[in-house]
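Accompanying notes for the structure given below.
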Amino acid sequence: METIRMLVDNNLNSEKSYAQAVDLLNNGEVVAFPTETVYGLGADATNDVAVKKIFEAKGRPSDNPLIVHIGTREEVSNYIEEIPEIAVKLMDTFWPGPLTVIMKAKKGLLAKSVTAGLTTVGMRMPDHEVALELLRKLKKPVAAPSANRSGKPSPTKAIHVEEDLKGSIPLILDGGATGIGIESTVLDVTVNPPVILRPGGVTKEMLEEVIGDVILPTKSQEKLESTPKAPGMKYTHYAPNAPVYLVESNPAVVSDAIKRLKTEGQKIALLAPISFEKLGADYFFPYGVEGDKEMMSTKLYDDLRACDKTEATIILATTTTTEGVGAAIMNRLEKAAGGKWYNK
Ligand code: AMP
Ligand code: MG
């Protein structure tokens with residue numbers, strides 16, 4: 001299959017590109033499009049044959065449900081059994097935006113493979129003009145996971161989608177680099193207090209200001225049977241080819257690690273604040289200025305993907321605190337590293 005990448009931009013006349021995307025989606029095909037978090041691979045969420053093409057193109061396990069994207073608030077009630085009061089508050093405050101709300105789904109309306117057999121569904125309204133324009137022109141809900149091959153870092157640029165899915169999808173709408181750079185927060189409001197199944201751009205602190213107590217399970221809580229979980233979080237994620245090791249954000253520690261690894265003959269890629277540039281890594285990918293978590297989340301996947309273009313045999317990634325969006329960044333870094341720390 002030929003994969004076309006089309007630029008969509010405010011300054012261009014993009015009507016034809018949208019029309020083509022809408023036609024493809026109406027015909028049961030998949031289309032990649034930008035959101036404010038990462039690029040998504042979308043299909044008509046009411047068409048099971050179409051949704052299955054997402055799983056196929058990504059190589060995604062079929063027990064991992066998809067998030068349903070909508071262009072207007074009114075659509076929620078078409079698919080949700082009963083919308084809890086706190087969900088209304090959350091949607092009022094954070095939509096459009098990087099918050100996915102898990103609620104009880106009405107039966108028989110969404111394609112079966114969207115929910116992977118669960119009785120709940122996650123919905124979100126993305127805060128991106130291309131995504132919103134597409135959804136509002138299509139006037140249907142769009143099931144969309146990140147537009148990467150399963151296991152790889154999520155795409156933050158159209159070119160990343162091309163790297164992973166060229167030849168297996170017909171169209172990529174190219175709206176430039178995404179802003180936030182990591183996926184939405186997934187919040188289960190079917191339990192009380194609500195539980196964060198995946199941390200993201202809308203932080204625990206931000207949620208608690210609006211609805212009070214919210215649980216972000218600790219590592220030991222995550223292991224308990226009774227803790228609600230996102231089916232997808234058990235799979236390998238965000239991993240470049242070379243092994244990733246987490247390392248304390250301390251120049252002396254990183255410098256020692258580099259020296260030692262070099263004596264072992266390793267080629268080292270370092271992801272770290274810009275001030276770590278001169279520590280002798282073979283390849284250096286700066287997150288930005290130390291402590292700038294927004295920049296770190298924007299750049300993280302691009303940097304992880306860039307490592308695959310090097311000869312690195314090992315990747316060292318410095319860490320950050322779990323305050324604010326740091327919780328989401330550390331969640332992704334720990335998954336990319338498979339929990340491995342250098343020297344710990
Ligand atoms: P992705 O589509 O790759 O952005 O991932 C979406 C995440 O949300 C995955 O970890 C899914 O397992 C999770 N998810 C989607 N729908 C549900 C649901 N109904 N209940 C729990 N987790 C969900
Ligand atoms: Mg994903």
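Values below: every heavy atom of this structure, side chains too, minus hydrogens, waters and symmetry copies. Read the numbers this way: they start at 1 and go in the same order the structure lists the ligands and their atoms.
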Just do the ring-ring contact (aromatic ring centres under 6.0 Å, His included) check on Tyr238 and Tyr301 with the steps written out, would you? CA-CA 8 Å; Tyr238 325 120; Tyr301 290 144; 5.4 Å; yes
Among protein heavy atoms, which sits nearest to atom 11 (C) of ligand 1, and what does the distance come to when rounded to 0.1 Å? Asn64 OD1, 3.1 Å
Which protein non-hydrogen atom lies closest to atom 5 (O) of ligand 1, naming both residue and atom, and how far is it? Arg198 NH1, 3.2 Å
When you measure from the side chain of Thr156 to the backbone N and O of Gly181, does any donor-acceptor pair fall under 3.5 Å? no
Atoms of ligand 1 less than 4.0 Å from Leu197 heavy atoms? 21 (C), 22 (N)
Would Thr115 count as a contact residue for ligand 1, given that I'm defining contact as a non-hydrogen atom of the residue lying under 4.0 Å from a ligand atom? no
At under 4.0 Å between heavy atoms, which part of Asp188 makes contact with ligand 1: side chain, backbone, both or neither? neither
How far is atom 22 (N) of ligand 1 from its nearest protein heavy atom, and which residue and atom name does that atom have? Pro231 CD, 3.3 Å
Is the NZ or CZ atom of Lys340 positioned over Tyr245's six-membered ring, under 6.0 angstrom from the centre and within 45° of the axis? yes
Verify side-chain hydrogen bond (donor to acceptor under 3.5 Å, both in side chains) between Asn64 and Lys234, making sure each step is shown before the conclusion. CA-CA 10 Å; Asn64 191 4; Lys234 64 179 177 285; over 6 Å; no
At their closest point, which heavy atom of Thr203 faces which heavy atom of Gly324, and how far apart are they? CG2-C, 3.3 Å
Where ligand 1 meets Leu118 - atom numbers and elements under 4.0 angstrom, heavy-atom basis: 18 (C), 19 (N), 20 (N)
Side-chain heavy atoms under 4.5 angstrom apart, residues restricted to Ile, Leu, Val, Met, Phe, Trp, Tyr: same cluster for Tyr39 and Met6? no
Which heavy atom of the protein is the closest neighbour of atom 13 (C) of ligand 1, given with residue, atom name and distance? Ala230 CB, 3.7 Å
Could you tell me if the side chain of Leu333 sits less than 4.5 Å from the side chain of Met296, heavy atoms only? yes
Closest approach of any protein heavy atom to atom 18 (C) of ligand 1, naming residue and atom: Ile102 CD1, 3.4 Å
Closer than 4.0 Å to some heavy atom of Pro145 - which atoms of ligand 1 meet that? 2 (O)
For Val121, take its heavy atoms, then give the atoms of ligand 1 lying under 4.0 Å from any of them. 19 (N)
Any idea which atoms of ligand 1 are less than 4.0 Å away from a heavy-atom of Thr120? 18 (C), 19 (N), 20 (N)
Could you tell me whether Lys137 sits above the aromatic face of Tyr18, with NZ or CZ closer than 6.0 angstrom to the six-membered ring centre and within 45 degrees of the axis? yes
Heavy-atom contacts under 4.0 Å between Arg60 and ligand 1: side chain, backbone, both, or neither? side chain
I'd like to know if the Mg ion (ligand 2) has an N/O/S atom from Asn148 within less than 2.8 Å of it, counting both backbone and side-chain atoms. no
With atom 16 (N) of ligand 1 as the reference point, say which of Gly117, Pro65, Ser184, Ala116 has the nearest heavy atom. Pro65
Residues, nucleotides or ligands: over 12 heavy atoms within 6.0 Å of Lys106 NZ: yes
Test item: Arg305 and Pro240 side chains (from C-beta on) under 4.5 Å apart, heavy atoms: no
Can you tell me the protein heavy atom closest to atom 8 (O) of ligand 1 and the distance? Val186 CG2, 3.9 Å
